[in-house]
S.K.: 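The structure's right below; bear with me while I get my questions together.
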Amino acid sequence: MNEVGQGKAANVGAGQTIVITGATDGLGKGLSRELAPGGGRLILHGRNEEKGQALLEELRPRATGELEWRRADFASLDEVRDLADELLDEDRIDVLVNNAGIGTTAEGVEQRGGGDREESADGHELRFAVNYLAPFLLTRRVLPLIRSSAPSRIVNVSSAGQAPIDFDDVMLERHYDGIQAYCQSKLALVMFTFDLAEELEGSGVTANCLHPGTYMPTNMVRRAGVDPVTPLEDGVAATLRLVTSPELDGVNGHYFNGTNESAPHPQAEDPEARRRLRELSAELTGIQATA
């Protein structure tokens, strides 16, 4: 894994294609607003068609490149596969930002960690499915195109809220807690990032992840009934840095807390835990990861 600050510039802008999942609210929307004037091709994803079209209308006056909208519900792996197939029709993907996710509570549940256990369309615990399995599957499916577009970047939006995965009860069928569900899904995304980084070392593709900010003023945080802490602008700036900063070209396999390199939960560095997660992910998605 390369050291922070090494490498030459990655000129994300005109002629570049950037995919942002979860672009219709919060961090994803803020990131889309910042990138729209850059002259590149933005492909914006969300699950709500009305919000997606509204986002396009908002961004068009400031956009200097192309804007595209793609709808998919990440609670369905079939819809993730369809989205990946659409993206594979693109000429290139220079940056993939895996931002889409859900928090500790269901919509309408205004209690931190509250709510009943929910399942995805495929029968998996919902937070694990949306926050981890969906970006795992999407990234794995489009990785050949990202490789052929090198130098390119994968940016995974995780969280400082991380909890170890109990591989005997990954889907939390014995004891459900919304905070555990969310935190283990975000740790899984960090573990996936580190696997990708090792696999892609020397390919011109980098994979990094970050905690963009603590309780930013997003719909996810409001639904959890938590007072915001980090301004949304700070989280957008930290994420944008991983997408565009020349300082981070060639930087691979790092977890950032905001703009600072940080240490994730120790399980992220556990080879055995990562092996078990790879095997489980392959079983649940049909995508075999590189050992």
S.K.: Donor-acceptor check, side chain of Thr64 to backbone of Gly39, threshold 3.5 angstrom: yes or no?
M.R.: yes
S.K.: Could you tell me if Asp94 and Ser152 have a donor-acceptor pair between their side chains, going purely by distance under 3.5 Å?
M.R.: no
S.K.: Nearest 0.5 Å, what's the CG-CG distance between Asp78 and Leu83?
M.R.: 12.5 Å
S.K.: Would you tell me whether Gln53 and Glu57 have side-chain atoms, one donor and one acceptor, within less than 3.5 Å of each other?
M.R.: no
S.K.: Which heavy atom in Arg153 sits nearest to a heavy atom in Ser245, and how many Å separate them?
M.R.: NH2-O, 2.8 Å
S.K.: Does Thr259 reach the side chain of Leu210, with side-chain heavy atoms less than 4.5 Å apart?
M.R.: no
S.K.: Please determine whether a side-chain nitrogen of the Lys or Arg among Arg33 and Glu233 lies less than 4.0 Å from a carboxylate oxygen of the Asp or Glu.
M.R.: no
S.K.: Could you measure the distance from the CD1 atom of Ile154 to the CG atom of Leu196? Nearest 0.5 Å is fine.
M.R.: 5.0 Å
S.K.: If I compare all heavy atoms of Ile20 with all of Ser32, which pair ends up nearest, and what's the gap?
M.R.: CD1-OG, 3.7 Å
S.K.: Taking C-beta and beyond as the side chain, do Thr193 and Glu198 meet within less than 4.5 Å on heavy atoms?
M.R.: no
S.K.: Check whether Gln267 reaches the backbone of Ile165 with its side chain - one donor and one acceptor, N or O, closer than 3.5 Å.
M.R.: yes
S.K.: Considering non-hydrogen atoms only, spot the tightest contact between Pro212 and Ala238 and give its length.
M.R.: O-CB, 4.2 Å
S.K.: Could you go through the side-chain contact (heavy atoms from CB on, under 4.5 Å) check for Arg241 and Leu248 one step at a time?
M.R.: CA-CA 8 Å; Arg241 176 174 172 266; Leu248 295 178; 3.8 Å; yes
S.K.: Is it true that Arg278 and Glu283 have a side-chain N and a carboxylate O under 4.0 angstrom from each other?
M.R.: no
S.K.: Do side-chain atoms of Ser149 reach the backbone of Ile93 as a donor and acceptor pair under 3.5 angstrom?
M.R.: yes
S.K.: Which of parallel (below 30°), tilted (30 to 60°) and perpendicular (above 60°) describes His45 and Trp69?
M.R.: parallel
S.K.: With side-chain contact (heavy atoms from CB on, under 4.5 Å) as the test, would you mind laying out the steps for Arg127 and Lys186 before giving the verdict?
M.R.: CA-CA 9 Å; Arg127 277 134 196 86; Lys186 288 301 187 178; over 6 Å; no
S.K.: Quick one: do Ile146 and Leu96 satisfy side-chain contact (heavy atoms from CB on, under 4.5 Å)? Show the steps, please.
M.R.: CA-CA 8 Å; Ile146 297 174; Leu96 170 62; 4.0 Å; yes
S.K.: Ion pair present between Glu119 and Arg117, side-chain N to carboxylate O less than 4.0 angstrom?
M.R.: yes
S.K.: Within the structure provided, determine whether Phe192 and Arg140 are in side-chain contact (heavy-atom separation under 4.5 Å).
M.R.: yes
S.K.: About how many Å separate OG1 of Thr285 and OH of Tyr132, when rounded to the nearest 0.5 Å?
M.R.: 8.0 Å
S.K.: For residues Ser159 and Gln162, report the shortest heavy-atom separation together with the two atoms involved.
M.R.: O-NE2, 2.8 Å
S.K.: When you check the gap from the basic side-chain N to the acidic O, do Arg275 and Glu272 get nearer than 4.0 Å?
M.R.: yes
S.K.: Taking the side chain as C-beta and beyond, is there a heavy-atom pair between Arg81 and Glu86 under 4.5 Å?
M.R.: no
S.K.: With no hydrogens and no angle check, is any side-chain donor or acceptor of Ser262 less than 3.5 Å from a backbone partner on Tyr255?
M.R.: no
S.K.: Would you confirm whether Asp73, through its side chain, and Ala75, through its main-chain N or O, come within 3.5 Å as a donor-acceptor pair?
M.R.: yes
S.K.: Hey, is the main chain of Val170 close enough, under 3.5 Å, to the side chain of Gln184 for a donor-acceptor pair?
M.R.: yes
S.K.: So does Val251 get a backbone contact from the side chain of Asn208, meaning a donor-acceptor N/O pair under 3.5 Å?
M.R.: yes
S.K.: On a heavy-atom basis, which atom in Thr244 and which in Leu35 lie closest, and how many Å separate them?
M.R.: CG2-CD2, 3.9 Å
S.K.: Are side-chain heavy atoms of Thr21 and Phe74 found at a separation under 4.5 Å?
M.R.: yes
S.K.: Applying side-chain contact (heavy atoms from CB on, under 4.5 Å), can you list everything that pairs with Ala84, at least two apart in sequence or on another chain?
M.R.: Leu138, Arg141, Val142
S.K.: Could you tell me the separation between the CD atom of Glu125 and the CE atom of Met171, rounded to the nearest 0.5 Å?
M.R.: 7.5 Å
S.K.: Evaluate side-chain contact (heavy atoms from CB on, under 4.5 Å) for Leu145 paired with Glu90, printing each intermediate quantity in order.
M.R.: CA-CA 8 Å; Leu145 183 55; Glu90 296 290 324; 4.2 Å; yes
S.K.: Give a yes or no answer on whether the side chain of Asp169 reaches the backbone of Glu173 with a donor-acceptor pair at less than 3.5 Å.
M.R.: yes
S.K.: To check you understand the geometry: which heavy-atom pair defines the closest contact between Ala188 and Phe128, and what is its length?
M.R.: CB-CE1, 4.2 Å
S.K.: Only one of Arg70, Arg71, Arg47 forms a salt bridge (charged side-chain N to carboxylate O under 4.0 Å, His left out) with Glu79, so which one is it?
M.R.: Arg71
S.K.: Could you tell me the separation between the CG atom of Asp270 and the CZ atom of Arg276, rounded to the nearest 0.5 Å?
M.R.: 10.0 Å
S.K.: Could you grab the distance from atom OG1 of Thr206 to atom CG of Leu200, nearest 0.5 Å is fine?
M.R.: 8.5 Å
S.K.: Have Thr139 and Asn98 got a donor and an acceptor in their side chains that come within less than 3.5 Å?
M.R.: yes
S.K.: Mind checking whether His265 and Pro164 have side chains closer than 4.5 Å, heavy atoms only?
M.R.: yes
S.K.: Strictly distance-based, threshold 3.5 Å: is any side-chain N or O of Asn99 a donor or acceptor partner for the main-chain N or O of Val157?
M.R.: no
S.K.: Does the Asn48 side chain pair with the main chain of Lys51, one donor and one acceptor, at a distance under 3.5 Å?
M.R.: yes
S.K.: Gln180 versus Asp166: any side-chain heavy-atom pair under 4.5 Å?
M.R.: no
S.K.: Flag the pair Leu172 / His175 as yes when at least one side-chain heavy-atom distance between them is below 4.5 Å, and no otherwise.
M.R.: no
S.K.: Report yes or no: do Asn131 and Ser185 form a side-chain donor-acceptor pair below 3.5 Å?
M.R.: yes
